[in-house]
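Down below is the structure, laid out as structure tokens.
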Amino acid sequence: MSQGLDLTTAYLGLTLRSPIVASAGPYTGDPLTVERLEAAGVGAAVLPSLFEEEIVHEEVELNRALEAGTEHFGEALDYFPATPRLETSTDKYVSLIERTKAAVSIPIVASLNGTSTGGWVRYARLLEAAGADAIELNLYRVTADPDRTGSEIEDDDVSLVASVRAAISIPLAVKLSPYYTSTANFARRLVNAGAAGLVLFNRFYQPDVDVETLDVVPRIDLSQSWELRLPLRWIAILRSVFGPSTSLAATSGVHTGDDVIKALLVGADVAMMTSAVLRNGPHHVLGVTDRLCSWLVEHEYESVAQLRGSVSQSASPDPSAFERANYVKTLHSWATPVSP
Ligand SMILES: Cc1cc2nc3c(=O)[nH]c(=O)nc-3n(C[C@H](O)[C@H](O)[C@H](O)COP(=O)(O)O)c2cc1C
């Protein structure tokens, strides 16, 4: 149900038919699923990330395979084994972009998960050449080196973004973590370096410990709606920092139509979903879109553009609600007595 309503939104300079976007996850790695998501109404899809570590690992393994035996025979130094052309992660990713673009007409965002500058410029160019409509650069890192300062790491990330920006002509979004001392400052530096949009926020996966085997085990839990509150706060604040030409995407905790409405109200241009689709399947998007539409009708809005940002920090009657001033009020709002 979207008759008479204008759900279009601008994201990274692209016009999307809906503000509901499928964010990166295993399911967007299958063009058939992206087709189903398109049929269910998403405005765009972000492919799962191409990871630098995987590419580097493959290159090391390939070199090892090609060099095997060369230390034993002099003539082997001139010998290049007739290995079949191996399909690398990059080849597979390029093929994924091409197949997905051929299957759907919504914009397709390719995602790079990088740590070093040189490689990313090369891969970003490849993904652009394969037909991606935009690139999302995921700055997911856990810096454990006590000799590295926050400023050094931020400087590296800003120059990584500037290098990728200079290398491609399609729009660039940056997906970042919420863990910066001055999130608004870093966000502005990223935008000044050429990010057309920010995706807020990466959800960090914490390893767990198995008390029987004493192994450190990877643990991935799908999100819950309450996790949206962190992106909501920062999108409300950042919407007031940036003009409408900087796109803001909410990710983490978008499950329901009401979650999408909240994200738009605080100023997001799009609301992204992964966990909800993994849990419920692509058709979940239909119900979310229905709720968005019925809410718009009930509240007498004709378009997504009309409601976007109505509750951002600058539009809010109580701008302090998004900052520390609300901390004490929040703590004092706890009303439940201690159980006996
Ligand atoms: C199984 C799984 C795989 C994911 N893979 C990626 C990925 O490759 N690249 C990326 O940027 N985010 C990835 N994400 C993160 C999602 O894109 C999303 O930002 C995060 O799950 C928060 O959104 P949600 O609450 O809608 O799940 C993944 C999430 C899950 C659950």
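When a ligand or atom number is given, it counts from 1 through the structure's own listing order. Quantities reported herein were computed from a predicted structural model and do not represent experimental measurements.
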So which protein heavy atom does atom 12 (N) of ligand 1 come closest to, and at what separation?
Lys175 NZ, 3.1 Å
Of all protein heavy atoms, the one nearest atom 27 (O) of ligand 1 is Ser275 OG, 2.5 Å
Between Thr8 and Asp6, does a side-chain hydrogen bond (donor to acceptor under 3.5 Å, both in side chains) hold up when you go through it step by step?
CA-CA 6 Å; Thr8 56; Asp6 179 4; 2.6 Å; yes
Compare Ser23, Ala24, Ala22, Ala249 and give the one whose heavy atom is closest to atom 14 (N) of ligand 1.
Ala24
Please verify whether a non-hydrogen atom of Pro26 lies at under 4.0 Å from ligand 1.
yes
Please say whether more than 12 non-hydrogen atoms of neighbouring residues, nucleotides or ligands are located less than 6.0 Å from CD in Glu298.
yes
Which protein heavy atom lies closest to atom 29 (C) of ligand 1, and at what distance to 0.1 Å?
Tyr205 OH, 3.2 Å
With no hydrogens and no angle check, is any side-chain donor or acceptor of Ser23 less than 3.5 Å from a backbone partner on Met273?
yes
How about CZ on Arg188, more than 12 heavy atoms from neighbouring residues, nucleotides or ligands closer than 6.0 Å, or not?
no
Pairing of Arg291 and Asp259 as salt bridge, 4.0 angstrom limit
no
Between Glu154 and Phe186, is there a donor-acceptor pair closer than 3.5 Å when you use the side chain of the first and the backbone of the second?
no
Residue-level breakdown please: for Thr274 versus ligand 1, do any non-hydrogen atoms fall below 4.0 Å on the side chain, on the backbone, on both, or on neither?
both
Pull out every atom of ligand 1 sitting under 4.0 Å from any heavy atom of Met273, numbered as shown with elements.
26 (O)
Polar contacts were defined as any N/O atom of the residue lying under 3.5 Å from an N/O atom of the ligand; does this apply to Leu222 and ligand 1?
no
Pair Arg99-Ser95, side-chain donor/acceptor within less than 3.5 Å:
yes
Determine whether the side chain, the backbone, both or neither of Glu227 has a heavy atom under 4.0 Å from any heavy atom of ligand 1.
neither
Return yes when atom CZ of Arg36 has more than 12 non-hydrogen atoms of other residues, nucleotides or ligands closer than 6.0 Å, and no otherwise.
no
Has ligand 1 got any nitrogen or oxygen that is less than 3.5 angstrom from a nitrogen or oxygen of Ser49?
yes
Neighbour count above 12 (heavy atom, 6.0 Å) for Arg148 CZ
yes
Can you tell me the protein heavy atom closest to atom 25 (O) of ligand 1 and the distance?
Ser223 OG, 2.4 Å
With backbone taken as N, CA, C and O and side chain as the heavy atoms from C-beta onward, which portion of Val46 lies under 4.0 Å from ligand 1: side chain, backbone, both, or neither?
neither
Nearest non-hydrogen protein atom to atom 18 (C) of ligand 1, with distance, is Thr251 OG1, 3.4 Å
Parallel, tilted or perpendicular: rings of Trp295 and His299 (30°, 60°)
parallel
The protein heavy atom nearest to atom 11 (O) of ligand 1 is Asn138 ND2, 2.6 Å
Counting only heavy atoms, tell me which of Pro231, Gly253, Ser111, Gly25 gets closest to atom 5 (N) of ligand 1.
Gly25
